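Structure record follows, encoded as C-alpha cells.
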Number of protein chains: 2
Amino acid sequence: MKQKITLKHIARELEVSISTVSKALKNSDEISEDTKEKIQAFAKLYNYKPNNIAVSLKNKRTKNIGVVIPDIVHHFFTTVFRGIEKYANEQGYNVIICVSDETFDKEVINMEMLNNGSIDGFIMSLSAETQQKNDITHLKQVLDQGTPLVLFDRVTDDLDCDKVILNDEEIAFEATKKLLKEGRKRIALATTESYFNVSEKRAEGYKRALNEYGIEVDNDLVLVIPYDDIQESMIDAFFDTTDVDAVLSVNEIFAIQCMGVAKKRGMKIPKDISFIGFTDGLLSRYSNPTLTVVAQHGIQMGEMAAKLLIDRVEREDEGEEEESFKTEIVKASIINRESTLN
Amino acid sequence: MKQKITLKHIARELEVSISTVSKALKNSDEISEDTKEKIQAFAKLYNYKPNNIAVSLKNKRTKNIGVVIPDIVHHFFTTVFRGIEKYANEQGYNVIICVSDETFDKEVINMEMLNNGSIDGFIMSLSAETQQKNDITHLKQVLDQGTPLVLFDRVTDDLDCDKVILNDEEIAFEATKKLLKEGRKRIALATTESYFNVSEKRAEGYKRALNEYGIEVDNDLVLVIPYDDIQESMIDAFFDTTDVDAVLSVNEIFAIQCMGVAKKRGMKIPKDISFIGFTDGLLSRYSNPTLTVVAQHGIQMGEMAAKLLIDRVEREDEGEEEESFKTEIVKASIINRESTLN
DNA sequence: GTTAGTATCGAAAACGGTTTCGTGTTAATA
DNA sequence: TATTAACACGAAACCGTTTTCGATACTAAC
C-alpha cells in the first residue's frame, strides 16, 4: 500500500521548503519558472492531490452539503436528490445524505452528526414525525450556529430560512378544475393524515375549485388513507358507501390503488371515472390505464435548493452582507394520460 | 451568527491549557475531578462538540464512506443504498453519494474528488460505460493508494477486492425452472445489451434450466431491449413474429411492458402466458396482474457491502494484517404473485 | 531532610495544507 | 559606490484536535 504523497514529501525530495511547493503548485509568480516546472512535473509524476481534509480545516469550508430527507426509496425525493446532486457536483460540491426514516430522532441525530464541521450547509425536507410534533428546535440551533439551511417541499412557516416549494394549492386547484370541466360532479380526494402541510395545501386547492364551481365540499368524499396499513379494504369500503366519478390523489400509490379497486368493480376508466395523482413516477407511466399526474419537477426543485444553498454559502465566504431569505416556488404541471378525458 | 466554540475558547475562558480541556472532556484521569467537572459543565453549557474535520485530520479517518452508483432513480440501487446507509449510520459513519449517470467519465471524476481524504473507503457498482469499455484503471489506482473498495452487483473479475453479488445464475435457473414446471415450452428472455455481467449471468441460468429440461435454446426467444428507446413497438414486433408462453425479464420494467403488450393482444395472464421479472419494486406490486418477481434483497446487499468495507477500514486502523478479499453472495428469492400459475 | 513517587497540568509536536511576512541575493539606479 | 527595488525563496503562524513528554508541587517513606 503506497502512502499518499504530501507537500512535505515533495519538499524533502526536491530540497525546497513546503511553502515553495505549495506556491509552485498554485502557479504563484513568487516562484521562478524553473522551480515551478520542476515541482509541477514531480507532483504530476507522483500524482499529487491536495488533502481535502487539510484544506477544509484551513479555510473552514468543506465543499460538502448535507441532505436530510425522510425516505430515499421514494420517487419524488429521489428526483429532488438527483437535482441537488447534479447542481452541487457542477459547483464542485459533494453531497452527504442522511435518511430520517420519517422519525424525529433520526433527523436530530443526523443533523448533529453533520453539523460539526462536516458540511457547509443543509438541504432538507421535514420528517413526518417532526411535522406532527412541530418541534424544530434542532433546526433553529443549526441556523443559530450560522449553518445555512434550505428547506424543500415539507417546510414550516415557523422557520426563517430559504425554502423551495411547489405551488401545491394552485396546481391542486387546476387539477380539480380539470376534472370539473370533464363534467365530474362527485370528485373524491384521496389524502394522507393532515399534518403534512403539502397535503393540506392540496386539499385547499381542491376545495377552492369546488367552491368556484358552486359545489359544496362533501366530507364524505375525502378519503384519509393511513400509511402502512390495509389500504385496499379501506378503499373498497369507501367505494361501497360513496358515489364517486373522479379521484384526485395526493400521491401516486393511492391513485393506482383506487384505480385498481374501481376496475375490479367494473367501472370504465376514464368513461365512468377519472383519476389524477400527484407524482410522475414509474407507476403512473406503466399502469393500465396510464395515470394522468401532477409532475412535481423534482430535479428542478433539487437544483433550485442547491443553488440557494451554495449561493448563500459562497456569499458568506466573500464576507458580503447576508441577503434576506427567499422562498422559491416551483410550478408543477399536469401530464395528461389515459386516466382522464382529454 | 454565533461562532462555533472550540477547545481554545474553553481554555481561555477557564484559564487552563487546551490540552487540559481536551483531556477533561475525555474524562482522562490525568485531570482532577474538580477541573473535570468545571470543564465538562462549561462545555455542556455552551454545547461544545469537537470539530469533525480537525479530528479527521488528526487521526486520518473521516468516518465517511463514499458510494458511487450508476443511478439513484432506480429501485434496486435505492434499496441497496438504504442498506448501506443503515449499517453505516449504526457504526457512526456518514455516507457521501455520487452518481455516475452510467458514464465512465463521471465515475472517474467523482472517485478522484472523493479519494483525497474525504472518505475512508468506497462502495460502488460499475457504470454501464465502464463495463462496456472494461477500463478499470481508476479503480486499480484507488486500491493502490490503499483505499478499501467494495464492489456490489455490477462487479468485474479483473479486480481483486471485496464484492457482494446476487446468485444471479442460480436464481435465473430457478425462475426458469418454475416456468418450465408450469408447463411452459416457449419461454422468452427479455434482457439488456450483454455487457452487463448480471444480464449475462441471468441468461446463463435461463439456458441451463432449458438444457436440463432438454429444450434447445432458441435465439429467437431472446429479446434484447435497448435502454431509452421506443421499446413498446419493439416488443410488439417481437410478439408478432414469435410464439411465446412465458417471459423471464432481467428487470421489472421490461416485464411490465411485455405484460402490457400481451394484454393488448388479448392474451390471458397467467392462463396463456406467465411473467417473471427481476427487482421487487413498486411496479410489480401495483401492476395488474401483480408481477411474480425475483427479489434481490437490496437492503441486505447494502448492509453486507457496508459491513465488509467498515470491517476492513477498522482492521486497517488496528494495524492488523489484511485479510484476504471476500465475495459475499446474497441469495435472491422468488415472490409469487398473479403473473404466474402457483 | 533527602528521596521517591504521585497527582495535576502545560508545552509542543503532529495531521497537511495556506498565507503572511521576512530575508538574502541580484540587478538596476542615483 | 551606495541605495533600492525586484526576485526567489523560507520560516512560521494558523485551522482544531490529540497525545506525548515533561514540569511542578505535594505526599509519603527512609
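Chain identifiers are assigned alphabetically (A, B, ...) following the order of the sequence lines, protein sequences preceding nucleic acid strands; residue numbering begins at 1 within each chain. For clarity, every value in this text was computed on a predicted model and none was experimentally measured.
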[N] phosphate, OP1 or OP2: any side-chain N/O from [X] under 4.0 angstrom?
X       : N      : value
A:Ser19 : D:dA12 : no
A:Tyr48 : C:dG16 : no
A:Lys36 : D:dA8  : no
B:Lys58 : C:dA13 : no
A:Ser56 : D:dC15 : no
B:Thr20 : C:dC9  : no
A:Thr35 : D:dC9  : yes
A:Lys23 : D:dA8  : no

Between [options], which nucleotide has the shortest distance from any of its atoms to the side chain of [X]?
X       : options               : result
A:Ile31 : D:dC9, C:dT18, D:dT18 : D:dC9
B:Ser17 : D:dG16, C:dG10, D:dC9 : C:dG10
A:Ser32 : D:dA8, D:dT17, D:dT20 : D:dA8
B:Lys8  : C:dT8, D:dC15, C:dA11 : D:dC15

Once you round it to whole Å, what is the distance between [atom2] of [N] and [atom1] of [X]?
X       : N      : atom1 : atom2 : answer
B:Lys60 : D:dT19 : NZ    : C1'   : 16 Å
A:Lys63 : D:dC15 : NZ    : C1'   : 18 Å
B:Asn52 : D:dT17 : CG    : C1'   : 11 Å
A:Asn51 : D:dT17 : CG    : C1'   : 15 Å
B:Ile18 : D:dT20 : CD1   : P     : 18 Å
B:Leu7  : C:dG10 : CG    : C1'   : 14 Å
A:Asp29 : D:dC9  : CG    : P     : 12 Å
B:Glu15 : C:dG10 : CD    : C1'   : 14 Å

> Measuring from A:Ile53:CD1 to B:Ile119:CD1, what's the distance to the nearest 0.5 Å?
Replying inline: 10.5 Å
>> Can you confirm whether the side chains of A:Glu107 and A:His138 place a donor and an acceptor under 3.5 Å from each other?
In response: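 Yes, because at least one side-chain N or O of A:Glu107 sits under 3.5 Å from a partner of the opposite role on A:His138.
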> Is any side-chain heavy atom of B:Met113 closer than 4.5 Å to a side-chain heavy atom of B:Ser118?
Replying inline: no
> Heavy atoms, side chains only, cut-off 4.5 Å: are B:Thr137 and B:Asp135 in contact?
Replying inline: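 SC-SC contact between B:Thr137 and B:Asp135 confirmed.
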>> I'd like to know if the side chain of B:Thr78 reaches the main chain of B:Ile72, judged simply by a donor and an acceptor atom lying under 3.5 Å from each other, with no hydrogens or angles considered.
In response: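 Here the side-chain-to-backbone pair exists.
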>> Need one value for A:Ser22: base, sugar-phosphate or nothing, where a base atom within 4.0 Å counts as base even if backbone is also close, heavy atoms only.
In response: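 Counting heavy atoms under 4.0 Å across all strands, the contact made by A:Ser22 includes a base.
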Exceeds 12 heavy-atom contacts within 6.0 angstrom, atom [atom1] of [X]:
X        : atom1 : answer
A:Glu90  : CD    : yes
A:Gln132 : CD    : yes
B:Tyr46  : OH    : no

>> So if I take the C1' atoms of five pairs at each end of the helix from C:dG1-D:dC30 to C:dA30-D:dT1 and get each local axis, what angle do the two axes make, rounded to 10 degrees?
In response: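 One end's axis against the other's: 80°.
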>> Using heavy-atom distances to pick each residue's nearest nucleotide on DNA chain D, tell me which of B:Asn59 and B:Glu30 is more 5'.
In response: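 On the 5' side of the pair lies B:Asn59.
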